[in-house]
J.: 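If you scroll down you'll find the structure; I have some questions about it.
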Amino acid sequence: MMGPFGCVVAVTYRCNSRCTMCDIWKLNPAPGSELGPEAYRWLPSSLRTINVSGGEPFLRDDLPDVVRVMRETCPRARIVVSTNGLRPRRITETVAELGDVAIRISVDAVGEKHDEMRGTRGAFDRAMETVRRLQELGVSDIGLGATSTEMNVGDVTEVRELARERGIRFVATAAHSSPIFFGSHDEERPHSEGAVREVASLMRERLASRNPVDWAKAYYMRGLIDYIQRKPRRLPCRAGIDFFFLDPEGNVYPCNISGTKMGNIREGTFTELQSRSAGEVRPTVADCREQCWMVCTVVPPMRRRPLKPVVWIAGAKLLGLDTHIGE
């Protein structure tokens, strides 16, 4: 397969959360600076996953048009829309127009702790109302996404149980820093043994499943432990090759961590931007100190180079190797 496999597309930097681990809400984008729906025809047709992010994507009135263009341009791509879930009625009405998309709702803890982390009173209740409304609408691919920080050690497991009770999916990540996206948040990044134990428990739970998809998720969780412990990535990063980040103004970056710009969509196709910027981007990615481990940048190399994950899964499943972390 030629061309990039996945991308994160921030369709807006407007946001109605005040999250402790993200500074996007502090930005003040100029009116009219966001790309119009037709601009997204620039996206490479090779894409298999498009994560529609923000800010808060559902603050865009024309989100259905944006997703329609993405679907027409990248017909084989799975489209995932990430949301804070703060506007249940608006989100449900919009999703009814979007068609077949996956929805991931950010929930970092159960109850007031989530409100505190998201800086918004009633955030947890509104997120759960969004889940309820989407289930009533018949949306099949709904999930909760929890961000692990030092503030919510122990709470991520509760969110996993909540997702299980609701019969929906669950994904965990960890706080990252980024000059172009999250801002500087090393103080929020999890680092304690408690955080390691929690993620390790989630990893072992995935391994115990009979579903191979869960085994792949266990490998992802193992890499997340490395990130918490500030160890190198388990797989080489292919940001700018297999993956990229597109901001609301059309600027293209290798990922949503790196501040090295590849160019703007008005300057050429992805392949052209990739070729012109390779001399600067590839060394920057290779020397990246963040050593990030996020689903969006991990899935492409797992698909390109499946042998290493498969070997780890086999050893963990059959021999219990590398599974006693945090015990």
Side-chain angles (χ1 to χ4, degrees), residues 15-25 53 56 80 82-86 88 103-132 134-135 142-177 182-209 214 217-218 220-230 292-296 298 323 325-327:
C15 193
N16 51 352
S17 288
R18 299 293 181 265
C19 302
T20 60
M21 77 296 285
C22 177
D23 292 340
I24 288 177
W25 58 272
S53 184
E56 171 52 44
V80 183
S82 299
T83 176
N84 56 30
L86 291 182
I103 304 295
R104 293 295 177 266
I105 302 163
S106 297
V107 175
D108 304 314
V110 175
E112 293 183 1
K113 175 68 74 63
H114 174 70
D115 295 2
E116 184 180 355
M117 293 183 65
R118 295 288 162 171
T120 306
R121 183 176 297 176
F124 176 77
D125 290 340
R126 280 184 272 173
M128 288 300 99
E129 182 183 349
T130 296
V131 170
R132 177 182 61 79
L134 291 175
Q135 288 183 308
I142 308 169
L144 300 182
T147 299
S148 174
T149 74
E150 274 304 296
M151 186 177 178
N152 66 338
V153 173
D155 295 297
V156 175
T157 302
E158 292 188 9
V159 176
R160 171 68 184 97
E161 291 304 312
L162 179 63
R164 193 200 308 275
E165 292 169 5
R166 297 297 177 99
I168 59 179
R169 303 187 186 195
F170 168 79
V171 64
T173 186
H176 285 71
S177 290
F182 304 111
S184 179
H185 287 282
D186 281 347
E187 65 276 14
E188 273 83 37
R189 179 172 172 172
H191 59 266
S192 65
E193 286 302 314
V196 170
R197 284 194 297 272
E198 181 164 51
V199 176
S201 176
L202 295 171
M203 175 193 74
R204 288 189 286 269
E205 177 186 287
R206 295 292 192 185
L207 276 173
S209 168
D214 283 330
K217 291 179 180 178
Y220 164 76
M221 302 303 287
R222 182 62 186 85
L224 196 59
I225 295 170
D226 289 336
Y227 174 77
I228 294 172
Q229 295 178 327
R230 297 185 181 269
C292 78
W293 192 261
M294 297 180 289
V295 173
C296 53
V298 171
T323 60
I325 304 162
E327 290 186 341

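Please read these numbers as outputs of a predicted model, since none were measured by experiment.
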J.: So, are Arg160 and Glu205 salt-bridged, with charged N and O less than 4.0 Å apart?
T.: yes
J.: If only atom types and distance count, is the side chain of Tyr220 paired as donor or acceptor with the main-chain N or O of Ala172 below 3.5 Å?
T.: yes
J.: Can we say Glu161 and Arg164 salt-bridge, meaning some charged N sits less than 4.0 Å from an Asp/Glu carboxylate O?
T.: yes
J.: Please tell me if the side chains of His191 and Glu150 come closer than 4.5 Å, counting only heavy atoms from C-beta onward.
T.: yes
J.: Any heavy-atom pair between the side chains of Thr120 and Arg126 that's under 4.5 Å?
T.: yes
J.: Could Arg121 and Asp115 be called an ion pair, given the rule that one side-chain N must be under 4.0 Å from one carboxylate O?
T.: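 No salt bridge links Arg121 with Asp115.
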J.: Treating Thr130 as the side-chain partner and Gly85 as the backbone partner, does any N or O pair qualify as donor plus acceptor under 3.5 Å?
T.: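 Between the backbone of Gly85 and the side chain of Thr130 there is a qualifying donor-acceptor contact (under 3.5 Å).
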J.: Taking all non-hydrogen atoms of both residues, which atom of Ser17 and which atom of Leu86 are closest, and how far apart?
T.: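 Heavy-atom minimum between the residues: OG-CD1, 3.5 Å.
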J.: Could you go through the side chain to side chain contact (heavy atoms under 4.5 Å, CB included) check for Ile142 and Gln135 one step at a time?
T.: CA-CA 8 Å; Ile142 308 169; Gln135 288 183 308; 3.7 Å; yes
J.: With the side chain counted from C-beta on, respond yes when Leu144 and Val131 share a heavy-atom pair under 4.5 Å apart, and no when they do not.
T.: yes
J.: Can you confirm whether Glu116 sits close enough to Thr20 that some side-chain heavy atom of one is under 4.5 Å from a side-chain heavy atom of the other?
T.: no
J.: Quick one: CD1 on Ile103 to CD1 on Ile168, what's the gap to the nearest 0.5 Å?
T.: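 Going from the CD1 atom of Ile103 to the CD1 atom of Ile168 covers 11.5 Å.
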J.: Please give me the minimum heavy-atom distance between Gly183 and Asp23, naming the atom from each residue.
T.: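 In terms of heavy atoms, the two residues are closest at CA-OD2, 3.7 Å.
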J.: Should the pair Tyr227 and His176 be assigned to parallel (<30°), tilted (30 to 60°) or perpendicular (>60°) ring geometry?
T.: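 Parallel: the ring planes of Tyr227 and His176 meet at under 30°.
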J.: Run the side chain to side chain contact (heavy atoms under 4.5 Å, CB included) check on Trp293 and Val298 step by step: do they pass?
T.: CA-CA 6 Å; Trp293 192 261; Val298 171; 3.5 Å; yes
J.: Go through the side-chain N and O atoms of Asn84 and Ser106 and say whether any donor and acceptor fall under 3.5 Å apart.
T.: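 No donor-acceptor contact under 3.5 Å links the two side chains.
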J.: Could you tell me whether the side chain of Val110 reaches within less than 4.5 Å of the side chain of Asp155, counting heavy atoms only?
T.: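 A side-chain contact under 4.5 Å is absent here.
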J.: With side chain to side chain contact (heavy atoms under 4.5 Å, CB included) as the criterion, how do Ile325 and Arg222 come out once you've worked through the C-alpha distance, each side chain's angles and the decisive distance to 0.1 Å?
T.: CA-CA 9 Å; Ile325 304 162; Arg222 182 62 186 85; 3.0 Å; yes
J.: Are Asp108 and Arg118 within salt-bridge range, i.e. N to O under 4.0 Å?
T.: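 Yes.
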J.: Working to the nearest 0.5 angstrom, can you tell me the gap between Cys15 SG and Ile24 CD1?
T.: 7.0 Å
J.: Specify the closest pair of heavy atoms between Arg18 and Trp25, including all atoms of both residues, with the distance to one decimal.
T.: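 Shortest heavy-atom separation between Arg18 and Trp25 comes out as CD-CE3, 2.9 Å.
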J.: As an exercise, state the distance from SG of Cys22 to CE of Met117, rounded to the nearest 0.5 Å.
T.: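 If I round to the nearest 0.5 Å, the distance is 11.5 Å.
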J.: To the nearest 0.5 Å, what is the distance between CZ (Arg166) and CG (Leu134)?
T.: 12.0 Å
J.: I want to check something: taking the side chain as every heavy atom from C-beta on, are Val107 and Met128 in contact at a cut-off of under 4.5 Å?
T.: yes
J.: Between Met21 and Met151, is there a side-chain heavy-atom distance shorter than 4.5 Å?
T.: no
J.: Can you check whether Val153's main-chain N or O pairs, donor with acceptor, with Glu198's side chain at less than 3.5 Å?
T.: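 Side chain of Glu198 to backbone of Val153: no pair is present.
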J.: Looking just at side-chain N and O atoms, do Glu56 and Thr83 make a donor-acceptor pair shorter than 3.5 Å?
T.: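 Short answer, yes.
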J.: Within the supplied structure, the quantity of interest is the number of heavy atoms (other residues, nucleotides, ligands) at a distance under 6.0 Å from Glu112 CD; does it exceed 12?
T.: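 At most 12 heavy atoms, drawn from other residues, nucleotides or ligands, come within 6.0 Å of this atom.
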J.: Do side-chain atoms of Ser209 reach the backbone of Asp214 as a donor and acceptor pair under 3.5 angstrom?
T.: no
J.: Measure the shortest side-chain to side-chain distance between Thr149 and Arg189 over non-hydrogen atoms and say whether it is less than 4.5 angstrom.
T.: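 A side-chain contact is absent here, since even the closest heavy-atom pair is not under 4.5 Å.
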J.: Which heavy-atom pair separates Arg206 from Ala218 by the least distance, and what is that distance?
T.: CB-CB, 3.7 Å
J.: About how many Å separate OG of Ser192 and CD1 of Ile228, when rounded to the nearest 0.5 Å?
T.: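 That separation rounds to 8.0 Å.
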J.: Hey, could you give me the CD/NZ distance between Glu158 and Lys113, rounded to the nearest 0.5 Å?
T.: 8.5 Å
J.: What pair of heavy atoms forms the shortest contact from Pro190 to Ser148, and how long is it?
T.: CD-O, 3.3 Å
J.: Does Phe170 have Arg104 sitting over its ring (NZ/CZ under 6.0 Å from centre, angle to axis within 45°)?
T.: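 Output no; distance or angle outside limits.
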J.: Please lay out, stage by stage, how Glu129 and Arg132 fare under the test side chain to side chain contact (heavy atoms under 4.5 Å, CB included).
T.: CA-CA 5 Å; Glu129 182 183 349; Arg132 177 182 61 79; 3.6 Å; yes
J.: Any sub-3.5 Å donor-acceptor pair from Glu193's side-chain atoms to Gly326's backbone N or O?
T.: no
